[in-house]
Amino acid sequence: MISYGEREIANRSLLLSSMPDDVRSSIVAASSSVELTRGESLFAQGCPADYVFVVLSGWVKLYRTTRTGHEAVVETFTRGESFGEAVAFRREAYPVDAECVTDCRLLRIGARHMLKALHANPEVAIAMLASTLHHLRSLVSQVEQLKAQTGAQRVAAFLLELSDVTDGATTVTLPYEKTLIAGRLGLKPESLSRAFAKLKEFGVTVDHHHASVDSVERLRAFSEQDPAMAWSKGQ
């Protein structure tokens, strides 16, 4: 069972929010909640994609293990975000592993029930397409960052994403361990440490799990700089 507050989190997710009220209520009512602790696996690469998930609390990472044994983080998800729609829609296998990086609660929506609702109501298809497009845009943005931004710029953009203010000073909480942040941003742990050190000149101070930013505007200006200029100021 999920609480009223968790039901509201699920209802506001991109996947469910645009569905008709009766369809959304039916899907949530037919779903179950799952609670996992940090480090527990949600599903493994190659398993049948029988479920779509909405995060109710905590953080989940999707990743693949390379032939050399290194972990490549594909994406991370937190409260109100969904994943697994595209492969569930096509009844394929999960192409990645999923693991909780903090204690988590998730809404687990059966793919069969979702597809049944889709066949009965075309607005469900629109909702699934919108959610899938959002994931695609996120991946495109990641590729763009890897190709066009320095490591320090990627870290700056990551901190800005965590901030709930658009100007002035702020302090953000790093949501998970720094090794995962490095993997998420396509950096080695030692490169992440160097990036944090470089950002000191832009008013960023990191203390354990918190990062203090003196000026959001200044940090944003740096993150959006032409990489040729950023290399000389904070690669």
Side-chain angles (χ1 to χ4, degrees), residues 5-6 9 34-42 53-66 69-81 83 96-106 138 141-142 145-146 149-225 227 230-235:
E6 292 174 331
I9 292 170
V34 58
E35 189 167 351
L36 298 96
T37 58
R38 176 183 175 182
E40 281 196 82
S41 174
L42 186 59
F53 296 91
V54 178
V55 183
L56 301 175
S57 66
W59 286 83
V60 175
K61 69 175 178 181
L62 304 186
Y63 68 98
R64 297 189 68 160
T65 303
T66 67
H70 291 91
E71 184 180 291
V73 180
V74 177
E75 186 58 281
T76 55
F77 297 93
T78 190
R79 185 174 66 175
E81 297 179 332
F83 56 93
V96 293
D97 292 274
E99 181 183 300
C100 294
V101 296
T102 66
D103 292 349
C104 294
R105 277 181 60 82
L106 303 102
S138 177
S141 177
Q142 286 185 49
Q145 288 182 340
L146 289 170
Q149 289 186 317
T150 67
Q153 283 182 301
R154 275 176 262 158
V155 175
F158 177 75
L159 296 177
L160 291 169
E161 288 176 5
L162 296 174
S163 174
D164 56 1
V165 301
T166 57
D167 54 56
T170 188
T171 298
V172 300
T173 300
L174 303 180
Y176 36 74
E177 59 192 24
K178 292 178 182 177
T179 53
L180 178 55
I181 294 174
R184 170 68 175 76
L185 299 178
L187 299 170
K188 294 181 179 180
E190 58 269 27
S191 299
L192 177 66
S193 296
R194 288 196 294 268
F196 276 132
K198 292 291 185 179
L199 289 179
K200 288 182 180 180
E201 66 183 272
F202 298 95
V204 176
T205 304
V206 178
D207 180 21
H208 298 291
H209 300 297
H210 297 87
S212 298
V213 180
D214 291 344
S215 171
V216 169
E217 302 96 322
R218 186 183 180 195
L219 189 63
R220 182 180 299 107
F222 168 70
S223 72
E224 296 174 352
Q225 270 184 5
W231 276 107
S232 63
K233 294 186 177 182
Q235 192 270 335

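Quick caveat: nothing in here was measured; it's all calculated off a predicted structure. The residues of the chain are indexed from 1 along the displayed sequence. The basis for the numbers below is simple: all heavy atoms, side chains too, and nothing from hydrogens, waters or symmetry mates.
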- Leu187 vs Arg154, side chain to side chain contact (heavy atoms under 4.5 Å, CB included): CA-CA, chis, key distance, verdict: CA-CA 9 Å; Leu187 299 170; Arg154 275 176 262 158; 3.6 Å; yes
Is there a side-chain contact between [X] and [Y] (heavy atoms, below 4.5 Å)?
| X | Y | result |
| --- | --- | --- |
| Phe83 | Val54 | no |
| Val34 | Leu36 | yes |
| Val101 | Thr76 | no |
| Val155 | Leu192 | yes |
| Val206 | His210 | no |
| Glu190 | Ser193 | no |

- Task: Check the pair Leu62 / Asp97 against side chain to side chain contact (heavy atoms under 4.5 Å, CB included), numbers first and verdict last.
- Result: CA-CA 6 Å; Leu62 304 186; Asp97 292 274; over 6 Å; no
For the atom pair [atom1] ([X]) and [atom2] ([Y]), what is the distance rounded to the nearest 0.5 Å?
| X | Y | atom1 | atom2 | result |
| --- | --- | --- | --- | --- |
| His209 | Leu174 | NE2 | CG | 8.0 Å |
| Glu161 | Ser223 | CD | OG | 9.5 Å |
| Asp164 | Thr171 | CG | OG1 | 10.5 Å |
| Glu6 | Leu106 | CD | CG | 10.0 Å |
| Leu219 | Asp214 | CG | CG | 10.0 Å |
| Trp59 | Cys104 | CH2 | SG | 10.5 Å |

Any donor-acceptor pair under 3.5 Å from [X] side chain to [Y] backbone:
| X | Y | result |
| --- | --- | --- |
| Thr173 | Pro175 | no |
| Gln153 | Thr150 | yes |
| Arg105 | Glu35 | no |
| Thr78 | Gly58 | yes |

- Message: Just to verify, what does Arg220 make a salt bridge (charged side-chain N to carboxylate O under 4.0 Å, His left out) with, not counting sequence neighbours?
- Response: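 With sequence neighbours excluded, Arg220 shows a salt bridge (charged side-chain N to carboxylate O under 4.0 Å, His left out) to no residue whatsoever.
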- Name all residues meeting the side chain to side chain donor-acceptor pair (under 3.5 Å) criterion together with Thr166; count only those two or more places apart in sequence or in a different chain, and write none if there are none.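 Thr166 satisfies side chain to side chain donor-acceptor pair (under 3.5 Å) with no residue once adjacent residues are dropped.
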- From the options Val165, Val204, Leu159, Leu160, select the one residue that forms a side chain to side chain contact (heavy atoms under 4.5 Å, CB included) with Val172.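 One option only clears the test, and that one is Leu159.
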- Let me know which of Lys61, Arg184, Arg64 forms a salt bridge (Lys or Arg N to Asp or Glu O under 4.0 Å) with Glu75.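 Filter result, single survivor: Arg184.
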- Can we say Glu177 and Arg38 salt-bridge, meaning some charged N sits less than 4.0 Å from an Asp/Glu carboxylate O?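 Between Arg38 and Glu177 there is a salt bridge, with a charged N closer than 4.0 Å to a carboxylate O.
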- Message: I'd like to know if the side chain of Glu40 pairs up with that of Thr37 as donor and acceptor (distance under 3.5 Å, no hydrogens or angles considered).
- Response: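 Yes, side-chain donor-acceptor contact under 3.5 Å.
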- Consider only side-chain N and O atoms of Tyr176 and Thr102, and report whether a donor and an acceptor are under 3.5 Å apart.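 Per modelled atom types, Tyr176 and Thr102 side chains form no pair under 3.5 Å.
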- Shortest non-hydrogen contact from Ala195 to Ala152?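 Nearest heavy atoms, Ala195 then Ala152: CB-CA, 3.9 Å.
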- Query: Considering all heavy atoms of both residues, which atom of Phe77 and which atom of Glu81 are nearest to each other, and what is their separation?
  - Reply: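 For Phe77 and Glu81, the tightest heavy-atom pair comes out as CA-OE1, 3.2 Å.
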